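What follows is a short report on a single structure.
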Amino acid sequence: MRARRGRGILPGFRLSLGTSLLYLALLVLVPLAGVALRGATSSWEAIWRAATSARALSSFRLSFLASLGAGAANAAGGLLIAWVLVRYRFAGRSVLDALVDVPFALPTAVAGLALTAVYSAEGWVGRWLAPLGIRVAYAPAGVWLAMTFVGLPFVVRTVQPVLAEMDTHLEEAAAVLGAGRLQAFSRVIFPTILPAVLTGFTLAVARALGEYGSIVFISGNLPLRTEIAPLLIVARLEQYDYAGATALALVLLLASFALLFATNVLQRWSVRRLGPAPG
């Protein structure tokens, strides 16, 4: 006899699925389709000309390189922070854990103002870097710094649960067999958490690529130098150049889809490599 399913709090499958699809369509699919349809109304020549102009290429170069650099920095720093939070117990651990989520909760404009105040030539940190010839605010380094700030939680929160659920008996077995700490980390621990690190890296890059609020203050918005692609889209809209703005948005949209696809591939690889999470 087929077991009778218990009644859940939420409505049945069809109603729940239909509501979910409607919610996603209104918030995600319809706006994305609008961008795609807007681009379809423009000629390919106009889109290509707008997307390959000197100013657009400069903004794409800065956006992609800075976001990749921020993702790499967060992959290393986020792994270290996740390791400290999982493997050690110390006073103030809960405070450190809460600080990781500050970039999620803090308005991006506030983050940009704070970073500019600290790293400008007259700021607390910038005044010590200026004599060394290191310029952060109103320079490409400021763009990288803001992107790193907003992307850090993605790596930490992706790696942290994997570290917490990892079987410590594997490390103990490696130690019994004579492996040192570096060997145990490189041959046992790191291969296990590598999919999570790569997933966090991809998410951090995707987040940084679309960042606007925190960068607009610290970058200085200098065309061909510190202007990012989202800012150039806003500038095109202010000039009523909707075709140019749509062309730039399509490039970022394709990049976002590529990163989303990469994230899903990494997650599937992680499941095949490590097996499904214990239920």
Side-chain angles (χ1 to χ4, degrees), residues 27-28 31-32 34-35 55-56 58-78 81 95-126 129 135-158 160 199-223 225-238 245 248-253 255-257 259-260 263:
L27 291 181
V28 180
L32 294 181
V35 174
R55 191 175 175 183
S58 177
S59 67
F60 287 140
R61 186 181 306 111
L62 177 61
S63 295
F64 284 107
L65 291 179
S67 61
L68 289 173
N74 281 327
I81 294 174
V95 176
L96 178 60
D97 189 50
L99 287 176
V100 173
D101 293 327
V102 168
F104 280 149
L106 193 67
T108 55
V110 176
L113 288 173
L115 292 174
T116 305
V118 172
Y119 287 95
S120 63
E122 297 80 18
W124 296 343
V125 179
L129 298 178
R135 185 179 179 183
V136 178
Y138 315 123
V143 176
W144 169 84
L145 180 64
M147 289 182 173
T148 304
F149 175 83
V150 300
L152 176 63
F154 291 93
V155 178
V156 177
R157 296 312 184 202
T158 304
Q160 190 175 0
T199 300
F201 166 81
T202 307
L203 293 174
V205 171
R207 176 67 180 87
L209 191 60
E211 177 58 18
Y212 173 81
S214 61
I215 300 176
V216 71
F217 294 101
I218 197 172
S219 67
N221 310 323
L222 302 176
R225 289 187 57 192
T226 62
E227 188 177 49
I228 58 174
L231 178 64
L232 185 56
I233 292 175
V234 175
R236 291 283 187 262
L237 291 175
E238 291 176 347
L248 299 176
L250 286 175
V251 174
L252 294 183
L253 182 62
S256 299
F257 277 130
L259 291 172
L260 180 62
T263 302

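Because the structure is predicted, anything quoted here is derived from the model rather than measured.
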Whether the side chain of [X] engages the backbone of [Y] through a donor-acceptor N/O pair (distance < 3.5 Å, no angle test) should be reported.
X	Y	answer
Ser214	Thr108	no
Trp124	Tyr119	no
Asn74	Val155	no

Can you see which heavy atom on [X] is nearest to which on [Y], and at what distance?
X	Y	result
Thr116	Phe217	OG1-C, 3.6 Å
Ala73	Thr148	CB-CG2, 4.4 Å
Ser58	Arg225	OG-N, 4.1 Å
Pro140	Leu62	CB-CD1, 4.0 Å
Val143	Ser219	CG2-CB, 3.7 Å
Ala245	Leu237	CB-CD2, 3.6 Å

Output the distance between atom [atom1] ([X]) and atom [atom2] ([Y]), rounded to the nearest 0.5 Å.
X	Y	atom1	atom2	value
Ile228	Phe64	CD1	CZ	12.0 Å
Trp144	Ile218	CH2	CD1	10.5 Å
Leu231	Ser59	CG	OG	9.0 Å
Phe104	Arg157	CZ	CZ	8.0 Å
Ser120	Tyr138	OG	OH	6.0 Å
Thr158	Phe201	OG1	CZ	13.0 Å

*Applying side chain to side chain contact (heavy atoms under 4.5 Å, CB included) between Phe154 and each of Leu203, Val205, Thr199, report the one that passes.*
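Single side chain to side chain contact (heavy atoms under 4.5 Å, CB included) partner of Phe154 among Leu203, Val205, Thr199: Leu203.
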4.5 Å side-chain heavy-atom contact, [X] and [Y]:
X	Y	value
Asp101	Val156	no
Leu106	Phe149	yes
Met147	Leu209	no
Phe60	Leu248	yes
Glu227	Leu222	no

